[in-house]
Amino acid sequence: MSDVLLSVDHFTKRFGGVTAVNDCSFSVESGSITALIGPNGSGKTTLFNMITGYLKADSGSITFNGETITRPRPADLYRKGLSRTFQQARIFPELTVIENLVVAAGYSWKGLFGKRVSLDDEVRAQKMLHEFRLESLAQLPSGELSYGQRKLLEFAAVLMSEPSLVLLDEPTAGVNPVMIDTMERHIRERNAAGVTFLIVEHDMQLVMRLCNPVVVLDQGSPIAFGAPATIQTDPLVLEAYLGS
Amino acid sequence: MKALLARVGVVRAVAFFGVLVIVPLVTGQIGWLTNALIFTIMYAALASSWNLVGGYAGYPSLGHAAFFGLGAYSMAIVFNGSVYGGYLPFVMLPLVAIGAALISLPIGWVAMRTRADVFAIVTITVLFIAQTLAFNFNTVTGGAQGKSVAPAPFDVSTYNWPFYYAMLTLLAIAMGISLYFRRSKIGLSLATVRADEEKAHGVGVRVTAVKLIAFAVSCGIVAMVGGVWAYYVGFVYPQFAVDPLITIGMVLMTFLGGRGTLWGPVLGAFILVPAQEFFAFTFGASQLYLFAYAAVFLVIMLFLPRGILPSISDRLRKKRAAANGILRDASDAASAVSAQPAAHQTGVTR
Ligand SMILES: Nc1ncnc2c1ncn2[C@@H]1O[C@H](COP(=O)(O)OP(=O)(O)O)[C@@H](O)[C@H]1O
Ligand SMILES: [Mg+2]
């Protein structure tokens with residue numbers, strides 16, 4: 001039997017009259033790169049926000065690492081090893097690139113009173129900067145980065161806490177083809193190092209070559225689950241994307 | 001480069017405080033001048049403390065005058081009428097700070113669960129509650145009749161100096177703590193809170209803790225300033241000790257000089273307090289001087305909307321960035337990252 005790292009159980013979220021997420025259940029296996037796809041407005045971002053505690057679910061719960069959590073809180077989950085990025089990359093523009101990494105690495109109470117960027121921090125951050133080839137930008141205020149660089153920085157930053165599961169919301173949307181390759185390479189490398197991914201992605205070619213399995217969401221509920229090849233030919237999926 | 005900048009900072013601080021330490025020795029006691037200097041330094045200390053919360057944390061509190069009043073009344077209550085304090089009131093200041101900081105904790109905890117306009121309303125409510133208490137808690141505060149502080153037994157010819165140096169010390173403390181915040185993870189954490197508090201939570205920043213640390217420290221220093229003020233003016237009335245104008249002073253000076261900068265609040269105070277004194281002198285007892293005062297503020301903010309220091313350093317950075325343009329492009333290509341133009345953005349990224 002394969003290990004389930006995250007399971008989403010009966011999540012529902014309504015915004016006024018709109019049911020954005022509707023009795024949604026699925027699970028993410030440890031070590032996988034699971035894709036979450038679906039037409040625009042099908043509830044993918046809302047689901048991410050519920051899983052990570054940014055949005056309160058109307059009902060349902062998650063089980064992460066064997067622990068059932070009905071009221072996820074972003075800070076708790078982050079410390080437990082579940083981290084995420086945002087569709088519109090959210091970084092701290094006034095902080096430098098390296099400071100964005102340091103602050104996301106987490107620190108003790110004692111560290112809070114210590115140096116802004118200690119030697120230890122610097123060493124840890126340099127490793128990540130090197131991995132992401134951002135060394136030359138380390139001291140730049142991150143507000144001066146391009147959109148693609150911001151996405152890359154946000155991704156690098158959430159890895160600083162050594163998470164076991166990373167949720168990426170459209171990591172390649174709006175970035176150039178070179179950056180898409182860069183992003184894909186980093187996801188693969190980290191996955192090989194043992195990190196599990198759940199990725200919302202619009203680029204179907206990327207999904208087909210990178211992800212397995214794929215969860216398809218339509219109007220807030222999963223309508224298909226399986227290997228990319230089977231999903232591609234699933235009539236329900238074709239209808240969701242092409243129909244109406 | 002970094003070391004050089006640090007040295008410039010040290011030289012600036014030594015020059016600034018050196019001049020202020022020496023001034024009294026050179027000029028002797030000139031009534032209007034010392035008085036104006038004491039109030040300028042007082043507001044510099046108040047604005048620097050306010051900046052810890054309003055600038056670094058991005059929570060523009062309108063309630064800080066309540067803690068100024070708290071410090072003032074502590075002095076008036078302990079060293080009342082006939083009890084002669086000498087230097088003792090100054091020695092007691094740390095206790096005032098600790099008391100005020102403790103009282104500020106629950107207030108900050110509640111107030112800082114709100115943001116922006118709601119936070120402004122909650123904190124200004126604290127101010128008006130404090131003023132109402134000062135007016136009506138007769139047995140303790142003396143109500144509208146006010147409360148006198150025992151006059152200091154200092155020599156008349158140098159009477160002002162202890163107050164002057166006390167205010168200067170508090171300014172040094174406020175700036176020292178600002179500097180410490182900036183250089184520690186407290187400042188780093190506060191910067192994330194200011195930029196995007198939700199995201200800060202999401203990457204495990206101890207948001208509530210750093211907000212409360214900033215709030216309590218800020219209120220503690222403001223209360224000490226209030227204590228020295230009460231001892232200096234010798235009489236504490238509710239409308240002057242818990243005065244919205246004091247709050248407004250801190251806010252305007254910090255905005256003028258530059259929120260979230262070390263020297264901005266000081267610069268703001270050294271512009272606005274003398275301007276206020278000058279206009280008050282020119283327009284006499286009429287309230288017209290407040291218009292002139294507001295005009296100075298508005299004109300500067302119109303041309304330098306982010307405050308004096310950030311606007312200047314922005315311009316310098318843009319110039320430098322333009323000069324380094326070619327270099328930047330090269331490094332972009334080297335890291336095989338997006339070729340899109342770097343969007344300069346200072347706001348919150350969503
Ligand atoms: N904060 C919100 N308030 C009201 N409606 C929302 C909110 N967030 C999302 N929605 C609605 O919920 C649905 C799902 O949105 P979203 O999760 O962003 O979809 P996706 O990420 O799959 O494109 C959409 O109909 C959207 O309009
Ligand atoms: Mg979305």
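Chain letters run A, B, ... following the sequence lines, proteins first and then strands; every chain starts at 1.
Counting heavy-atom neighbours within 6.0 Å of A:L119 CG, excluding the residue itself, gives a total of 12 or less. Counted within 6.0 Å of CD on A:E131, heavy atoms from surrounding residues, nucleotides or ligands total more than 12; the atom is thus considered enclosed. No more than 12 heavy atoms of other residues, nucleotides or ligands lie within 6.0 Å of CZ in A:R73, so this atom counts as exposed by the packing criterion. Annotation for A:K80: atom NZ counts as buried by contact number, over 12 foreign heavy atoms lying within 6.0 Å.
For A:D76, no part lies under 4.5 angstrom from a heavy atom of chain B. When heavy atoms are compared at a cutoff of 4.5 Å, B:V207 does not approach chain A at all. Only the side chain of A:L95 comes within contact range of chain B, judged by heavy atoms closer than 4.5 Å. With a 4.5 angstrom heavy-atom cutoff, A:P177 does not touch chain B via any of its atoms. Interface remark: A:V158 contributes side-chain atoms only to the contact with chain B (heavy atom separation under 4.5 Å).
Interface check for chain B: of the options A:L112, A:V103, A:L77, the most heavy-atom pairs under 4.5 Å are formed by A:L112. Of the listed residues (A:M160, A:E99, A:E135, A:K115), the greatest number of heavy-atom pairs within a distance under 4.5 Å of chain B belongs to A:K115. Looking only at heavy-atom pairs under 4.5 Å with chain B, the residue among A:A105, A:G53, A:G111 that has the most is A:G111.
A:F155 and A:F132 have their aromatic ring centers within a separation under 6.0 angstrom.
For A:R84 and A:Y54, the positive end sits near the middle of the six-membered ring, less than 6.0 Å away and at most 45° from its axis.
Note: B:W50 and B:F255 have tilted aromatic rings, judged against thresholds of 30 and 60 degrees for the angle between ring planes.
Nearest heavy atom pair, residue A:V97 against residue A:L145, reads CG2-CD1, 3.9 Å.
Residues of residues 169-187 of chain B lying under 4.5 angstrom from chain A, judged on non-hydrogen atoms, are B:Y180, B:R182, B:R183, B:S184, B:K185, B:I186, B:G187 in numerical order. Along residues 107-120 of chain B, no residue comes nearer than 4.5 angstrom to chain A, judged on non-hydrogen atoms.
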Any chance you could lay out the side-chain hydrogen bond (donor to acceptor under 3.5 Å, both in side chains) test for A:Y107 and B:S189, step after step, and finish with the verdict?
-> CA-CA 11 Å; A:Y107 36 83; B:S189 308; 2.4 Å; yes

Let me see the working for A:D121 and A:S118 under side-chain hydrogen bond (donor to acceptor under 3.5 Å, both in side chains), right down to the final yes or no.
-> CA-CA 5 Å; A:D121 297 330; A:S118 71; 3.0 Å; yes

Using the side-chain contact (heavy atoms from CB on, under 4.5 Å) rule, take A:L36 and A:F48 through it: C-alpha gap first, then chi angles, then the decisive distance, then the call.
-> CA-CA 10 Å; A:L36 180 64; A:F48 265 25; 4.0 Å; yes

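For the pair A:R188 and A:E184, the salt-bridge criterion is met [side-chain N within less than 4.0 Å of a carboxylate O].
Looking only at atom types and distance, the side chain of B:N51 has no donor-acceptor partner in the side chain of B:T254 under 3.5 Å away.
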